[in-house]
Amino acid sequence: MTGTDVQKEAEDSGPSGYAAARLRLLTEEARSGPPRRAALAELTDDWLTGLFAAGAGGLRGASLVAVGGYGRGELSPRSDLDLLLLHDGSDTKAVAALADRLWYPVWDLGLDLDHSVRTPAEARKTAGEDLKVQLGLLDARHIAGDLGLTASLRTAVLADWRNQAPKRLPELQELCAERAERQGELQYLLEPDLKEARGGLRDATALRAVAASWLADAPREGLADARRRLLDVRDALHLATGRATDRLALQEQDQVAAELGLLDADTLLRQVYEAARLVSYASDVTWREVGRVLRSRAVRPRLRAMLGGGKPATERSPLAEGVVEQDGEVVLARAARPERDPVLPLRAAAAAAQAGLPLSLHAVRRLAATVRPLPTPWPAEAREQLVTLLGSGRPTIEVWEALEAEGLITRLLPDWERVRCRPQRNAVHLWTVDRHLIETAVRASEFTRRVSRPDLLLVAALLHDIGKGWPGDHSVAGEIIAKDVAARIGFDRHDVAVVATLVRHHLLLIDTATRRDLEDPATVRSVAEAVGSQGTLELLHALTEADALATGPAAWSSWRGSLVADLVKRASAVLAGDVPDDPEEAAPTAEQERLALEAAATGSPVLALRAQTEPPAGQEPSGDPEPLGVELLIAVPDQPGVLPAVAGVLAMHRLTVRTAELRSLHLPDGVDGSVLLLDWRVAAEYGSLPQAARLRSDLVRALDGSLDIAGRLAERDAAYPRRRGVIAPAARVSVHPAASRLATVIEVRSQDAPGLLFRIGRALEDASVRVRSAHVSTLGANAVDAFYVTGRQGEPLPGDEAASVARKLEETLQG
């Protein structure tokens, strides 16, 4: 048959009628979205059915099958037609003629066509060799011809897919990962590919394939709506451009938004990002479940053989109060009661991020459904857990996204809603506003050793662009929001003011350093006046670098860094009016004096455990009636090894030290000896606190050398191997020679860990220095500790000796 004959046959089958009906359908304003896609598929089915009937004649054993998107009945205006001409192989010549009668009319109308002609055996063989072909066949739908032939192929293809799933699903996951690497993440791109980018239509189709395998299933809530929204945007893009494109280019976004009846291009992008975020999260959860199932299948036969056929018990390792690890995920403990524990979401999130593990979907959904709102202001533990989560580095992102997917973030921080999925139309920015804020916190976690208040740095990083959801200067709006948020999460007035200052001036250093004359004293003085203190300047310096690094590679360079560092140095000199001196020694309370006198009289340690609801002397009430742990008071006759002994005993009993003060007490006249007073705030990692009598008994043994603390802690570490978790910045130990006239101040900034204070105390003892006083604080996952040390005769250490002690201590902590 000639090309002219084929064209005549096509005209007899009504291509012009189909083309006119198709045009009318696509220009109807009343019909759009799923109804229009389904109607277009139905119209195309009818046309192809007519072509098939006209061309098949008396041919038996052949059918026309729609696959891929057309098979799902989802035809966008410029979608190609994925068609399979299936035949039983009995009359290949007639099948070839039928194929000509089908394909040429499609081409003559200018429609894109992806076609193949195969027997069922050939189709299955090709699917086994080509994953993309197999995925298309999973959506096979009969159009015309032998229905039994189509049905048998569909049944066989689904059976093959389920039988081969353990092999094909990892291949599909790798395909998705490679595509994401090439195309980027749809939820952040200014010109995204709606189909190929991560979180796009290809990933939504992959989730359908996983569900068809019966091995795992995606979280379905909202997924169909997200997929529909992406398809609607693609339809509008096809109509606006007149082309079969999936890339949402900047110059077309306003027109696409208008086609969809949306306010503007930003509203369009935000809807696209929200849909993509949901698909991406569903993909993460689904692929995690696929991995778990496949690992379980691989291990189960071996375990059954070892256990004589019995069902192995699921291993659950405690991570925090009410939180355990199971099957590589963080889940709630069986005894957890979210409805009674409003801090549990943050505690679970912090534990997951610190362990480098994902939060299970079931756990997050249970928390979202049952947990009570936090009181205002937040209890101290909630604030600490938020800081720990923010300071956990790269794992923070996945955990944060899990909380956000179930609406927990906006319940904790209502102001987050205005920045969620908000695009940034600036080529320098890689991320949406909300992801940029989390990225900044991740970057700031690398600088926690540079600042004395890492908690304020991390919270300011989270909030520095929060004002971008409001009209006007985002720094000015952000300052107001930051004040409210910082107060709500429980910081005192001074800390609230610092956070607000950091947010208000987060662009001050980079703008001044790159646009002003640093040799002009007025320039430096204006920066010093705006910042107000050296502590805030230190924080602002770290925030500036974290913000720039989280923006994108074009926002930071060694040149910019050197300019900012120079400005900070100059501003610091202006602010350095007062030299810090020794902390004033507060008069002991009646209880402290009673414990000290008892310790002096008995020659042994005396301790008391009690909840604290009042702020320590000299501090303003924070409005937080709930203590961060309990107060532990210990009085010990002055002797070597007190600090490592106490810290070691607490570590043995799994007590976390939140704050600690160590100082020597002057006893009343007539009382011989000297007593060390330790006033510490401690909290149980999980479970309840030990009895005071047991703590005292172990402390007595630790001081007399009969309790091998180091050995006990080593045994416990060996029994519970360290998880992969967060790779924290290295510990930093520095000497501050001008901070005290009577002692040498050694400051330690490190990742908090069980036994950390024990290791520090033992290292200082080994260095033959005396700890005159200590000031220990745990801020989230960071420890910031200052030790006032002297030689054995009570004098400050010479400079070279102090440097040597600091160097050895740093080596100990990094070993």
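Formation of a donor-acceptor pair under 3.5 Å by the R681 side chain with backbone atoms of V657 is not found in this model. When atom types are taken as modelled, the side chain of S697 and the backbone of A693 share no donor-acceptor pair closer than 3.5 angstrom. When atom types are taken as modelled, the side chain of Q534 and the backbone of L575 share no donor-acceptor pair closer than 3.5 angstrom. Between the side chain of S572 and the main chain of V568, no donor-acceptor pair closer than 3.5 Å is present. For R749 (side chain) and D785 (main-chain N/O), no donor-acceptor pair under 3.5 Å exists by modelled atom type. Looking only at distances, no side-chain donor or acceptor of E446 sits under 3.5 Å from a matching main-chain atom of P729. Of the possible polar contacts, one joining the T812 side chain to the K808 backbone as a donor-acceptor pair under 3.5 Å is found. Without hydrogens or angle criteria, S392 side chain to T388 main chain gives a donor-acceptor distance under 3.5 Å. At least one donor-acceptor pair closer than 3.5 Å links the side chain of E538 to the backbone N or O of S452. Side-chain N or O atoms of S664 include none that pairs as donor or acceptor with a backbone N or O of L676 at under 3.5 Å.
With salt bridges taken as basic N to acidic carboxylate O contacts below 4.0 Å, none links D708 and R712. Remark: R347 engages E381 in a salt bridge, criterion side-chain N to carboxylate O under 4.0 Å. Ionic pairing of R450 and E545 is present here: one or more N-O contacts between side-chain nitrogen and carboxylate oxygen are shorter than 4.0 angstrom.
Between the side chains of H775 and S777, no donor N or O sits under 3.5 Å from an acceptor N or O. Side-chain polar atoms of T448 and S445 form no donor-acceptor pair below 3.5 angstrom.
The shortest side-chain heavy-atom distance between V503 and L543 does not fall under the 4.5 Å cut-off.
The distance from the CG atom of L678 to the CG atom of L595 is 11.0 Å, given to the nearest 0.5 Å. Rounded to the nearest 0.5 Å, atoms OG1 (T656) and CG (D752) are 6.5 Å apart. Taken from CG in L609 to CG in L632, the straight-line distance is 5.0 Å, to the nearest 0.5 Å. Note that the OG1 atom of T501 and the NE2 atom of H506 stand 13.5 Å from one another [nearest 0.5 Å].
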N/O donor-acceptor pairs under 3.5 Å from side chains in residues 634-653, not counting sequence neighbours:
residue: D638; atom: OD2; partner: R770; partner atom: NH2; Å: 3.0
residue: Q639; atom: NE2; partner: P637; partner atom: O; Å: 3.0
residue: H653; atom: NE2; partner: D698; partner atom: OD2; Å: 2.7

Distance-only donor-acceptor pairs under 3.5 Å for side chains of residues 792-805, two or more places apart:
residue: E795; atom: OE1; partner: Q793; partner atom: N; Å: 3.4

L662 and R772: CA distance, side-chain angles, deciding distance, side-chain contact (heavy atoms from CB on, under 4.5 Å) verdict: CA-CA 8 Å; L662 180 153; R772 179 172 171 267; over 6 Å; no

CA sep, side-chain torsions, deciding dist, call: E321, E685, side-chain contact (heavy atoms from CB on, under 4.5 Å): CA-CA 7 Å; E321 184 67 34; E685 287 182 29; over 6 Å; no

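The shortest non-hydrogen separation linking V323 to A351 is CG1-CB, 4.2 Å. The two residues H505 and L540 have their closest heavy-atom pair at O-CD1, 3.4 Å.
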